[in-house]
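Being a predicted model, the structure only gives us computed values, none of them experimental. A note on names: the letters A, B, ... follow the listed sequences, proteins ahead of strands, and every chain is numbered from 1.
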There are 2 protein chains.
Amino acid sequence: MGVSIKEVAARAGVSVGTVSNVLNRPDMVKAETVEKVHAAIDELGYVPNSAAQQLREGQSRSIGLVALDINNPFFTDVARGAERAAALGRHTVLLANSGESIEREISNIEMFERQRVRGVLVSPLSEDLSRLRDVRKRGIPVVLVDRGTEDTSFPSVAVDDVAGGELAARHLLEGGRRRLAFVGGPMRIRQIIDRYRGAAAAVAAVDEATITSIETEALSLDEGMRVGGELRALVARGEIDAVFAANDLLAIGVQQGLLGGDDPVAIPGDVALVGYDDISFAAAAVVPITSVRQPRELIGETAVALLEEVRESESEPRHVVFEPELVVRSSSAPAPTA
Amino acid sequence: MGVSIKEVAARAGVSVGTVSNVLNRPDMVKAETVEKVHAAIDELGYVPNSAAQQLREGQSRSIGLVALDINNPFFTDVARGAERAAALGRHTVLLANSGESIEREISNIEMFERQRVRGVLVSPLSEDLSRLRDVRKRGIPVVLVDRGTEDTSFPSVAVDDVAGGELAARHLLEGGRRRLAFVGGPMRIRQIIDRYRGAAAAVAAVDEATITSIETEALSLDEGMRVGGELRALVARGEIDAVFAANDLLAIGVQQGLLGGDDPVAIPGDVALVGYDDISFAAAAVVPITSVRQPRELIGETAVALLEEVRESESEPRHVVFEPELVVRSSSAPAPTA
DNA sequence: TTGAAAGCGCTAACAC
DNA sequence: GTGTTAGCGCTTTCAA
């Protein structure tokens with residue numbers, strides 16, 4: 001065990017209460033004593049034990065953020081926003097990675113509950129929120145991040161993914177595209193479903209336009225490349241003239257798949273491409289990728305703000321929905337008017 | 001406050017000691033009692049308080065990992081390896097992000113010390129290890145990750161970055177390139193210096209070969225793009241025929257910069273490109289990028305193993321050095337023998 | 001097989 | 001201004 005407050009007190013010739021006061025309310029203590037105590041702290045290399053503080057205070061100073069997949073730059077940006085907002089209230093953000101696995105999501109949430117965090121920010125994988133309701137019942141506030149609001153009893157921050165999907169598809173249609181492919185999955189993830197539904201609605205409004213859904217196993221670069229490679233033949237045969245990928249990781253992979261091999265197709269000549277999230281790699285791709293931007297850091301900041309709101313008052317939980325924004329780049333230039 | 005072990009005991013009609021035993025050494029307890037206690041736990045929704053456990057045990061079950069920059073896929077892969085190794089001993093990895101800032105690095109390490117973690121894995125930004133020596137003196141073991149071994153009193157895992165730099169430069173030279181540019185920075189980061197030194201050594205061994213160092217402010221995509229754009233003119237004038245970037249984020253940016261604008265140059269026709277780390281985006285770039293691979297997950301696993309070693313015995317700390325490996329892709333095909 | 005109780009390090013209420 | 005002390009939730013020793 002390290003040095004405790006008791007040893008500091010002995011060394012400085014004061015009581016433990018005084019040491020604690022020096023640390024937490026220095027103005028209550030005579031300047032001279034403050035100095036003596038600080039000297040003792042330095043000599044001994046005292047570092048407070050946060051487990052003891054927390055046990056005493058009944059609450060941790062940390063906020064738990066359960067990310068779907070930490071390898072997706074989208075989430076590290078959300079985390080950064082949350083960190084910034086948390087720092088304002090002298091809180092800390094603990095990041096846990098679910099790696100798109102429901103079991104890990106559950107065990108991460110439980111870990112946070114054992115730690116008695118101030119609250120949990122989570123973009124749940126599963127449709128079943130009963131576990132989160134239990135967590136809340138036990139006194140730990142929960143905020144839904146990047147998630148629709150079927151259950152309006154939780155505060156939530158989200159982006160209108162249906163609108164985002166529409167935005168993407170409408171843009172492709174306006175560019176003269178008619179045979180769309182949607183690439184994304186697994187289809188149990190709410191956000192992915194919404195993006196598809198939005199796109200499908202836009203397509204339904206235009207005569208002769210069609211959309212095919214190609215489900216992927218993960219939202220990863222590799223899956224995108226695989227699908228992109230398979231799409232080459234369809235594009236060459238004219239069966240597909242536009243691809244809407246459910247996120248940018250996929251979109252970048254799809255682009256590589258389309259441009260690769262011995263029979264590459266042209267972007268945007270043969271096929272247009274739109275992604276989602278607007279991560280920095282999207283703008284840096286060979287053919288810069290048009291993408292639906294989400295206000296990533298703002299989502300994180302807002303989630304923390306909603307958490308504090310719900311902690312402070314018993315008022316109705318708020319539901320913040322941001323509007324997505326289309327960032328047009330060269331990957332989706334209009335079809336040649338052939 | 002949540003439900004405590006006391007309430008569970010009352011509900012089950014047993015003592016708190018028995019509840020604790022049910023949780024931690026169930027075989028010591030009569031089966032019937034075990035059941036009663038579990039029933040009470042379920043009814044009450046009891047979740048143990050880890051602050052109390054930790055205070056009692058004097059140690060946390062967590063290992064702290066201080067990452068230089070969580071937005072670099074390299075570190076999330078190291079983290080994944082560490083998580084896997086930690087899970088074997090039923091430990092957890094806490095991830096903290098320094099964002100290339102020394103102040104944040106310091107405050108992250110202090111946070112971990114307050115939490116009395118089992119140990120800290122860190123790739124320190126600064127050359128000054130005195131703070132880490134203090135941490136160790138107070139009883140928290142420290143392992144240096146991805147870092148040379150000036151101070152051999154800390155266990156360390158690293159990759160031979162000098163050898164990596166040599167590997168990259170020699171490959172470019174063997175491909176007929178003679179006018180190299182090194183892109184990387186800030187130059188106070190040890191790994192970057194080593195990679196440059198290795199490259200410079202290889203260049204010195206070849207007549208008429210030269211290498212120019214272009215220092216960047218960060219190891220980011222944006223900085224790479226900026227430098228890549230500036231390099232276009234030099235390449236066009238024949239002053240540079242190869243670029244070695246200090247990591248893949250930079251390399252990808254450099255590639256975009258070289259291929260962009262109204263006067264793009266050809267890769268590998270006009271200029272060859274080699275990166276470092278072999279992150280997955282490197283293989284997925286327009287022109288797939290040759291890169292020096294580090295065994296990322298293995299680095300994380302080894303760091304955890306070294307931590308447990310140094311905790312268990314007073315023996316000499318070990319220093320593990322992995323050899324880097326060149327992964328050749330099309331961005332560095334030999335120069336046209338013009 | 002179980003219960004009672006000490007004590008981990010800290011904060012805050014209270015007494016002086 | 002400072003000291004004393006109860007008690008946060010838990011594990012573990014000792015006794016029964």
Looking only at the side chain of [X] (C-beta and beyond, no hydrogens), which of the listed nucleotides [options] gets closest?
X: B/V16; options: C/dA5, C/dG3, C/dC8; result: C/dA5
X: B/T33; options: C/dC10, C/dT2, D/dT12; result: C/dT2
X: A/K30; options: D/dT2, C/dC10, D/dG9; result: D/dT2
X: B/R25; options: D/dC10, C/dC10, D/dT12; result: D/dT12
X: B/N21; options: D/dT12, C/dA4, D/dG9; result: D/dT12
X: B/S4; options: D/dT12, D/dG9, D/dG3; result: D/dG9
X: A/V29; options: D/dG9, C/dT2, D/dT2; result: D/dT2

Return yes if some donor-acceptor pair links the side-chain N/O of B/N72 with the main-chain N/O of B/F75 below 3.5 Å, else return no.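 Absent.
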
Do the side-chain N and O atoms of A/S101 and A/S98 include a donor-acceptor pair separated by under 3.5 angstrom?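 The criterion, which ignores hydrogens and geometry beyond distance, is not satisfied for A/S98 and A/S101.
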
Flag for B/D128-B/S130: side-chain donor and acceptor within less than 3.5 Å: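 There is such a pair (donor and acceptor under 3.5 Å, judged by atom type) between the side chains of B/S130 and B/D128.
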
Using a 4.0 Å heavy-atom cut-off, does A/G17 contact any base of the nucleic acid, only the sugar-phosphate backbone, or nothing at all?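 The residue A/G17 makes base contact.
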
Would you mind reading off the distance between [X] atom [atom1] and [N] atom [atom2], rounded to a whole angstrom?
X: A/E57; N: C/dA12; atom1: CD; atom2: P; result: 6 Å
X: B/L55; N: D/dG7; atom1: CG; atom2: P; result: 17 Å
X: A/E35; N: D/dG1; atom1: CD; atom2: C1'; result: 16 Å
X: A/Q59; N: D/dG7; atom1: CD; atom2: P; result: 21 Å

DNA chain C: 5'-proximal contact among A/K6 and A/L23 (nearest heavy atom):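 Between the two, 5'-proximity favours A/K6.
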
Residue met sooner reading DNA chain C from 5', once A/V47 and B/T18 are mapped to nucleotides: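 Of the two residues, B/T18 wins.
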
Shortest non-hydrogen contact from A/F154 toward A/H319: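 Looks like O-CE1, 2.8 Å.
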
Passing option when A/N21 is tested against A/D27, A/V29, A/T33 for side chain to side chain contact (heavy atoms under 4.5 Å, CB included):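 Result: among A/D27, A/V29, A/T33, A/V29 is the only option passing the side chain to side chain contact (heavy atoms under 4.5 Å, CB included) with A/N21.
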
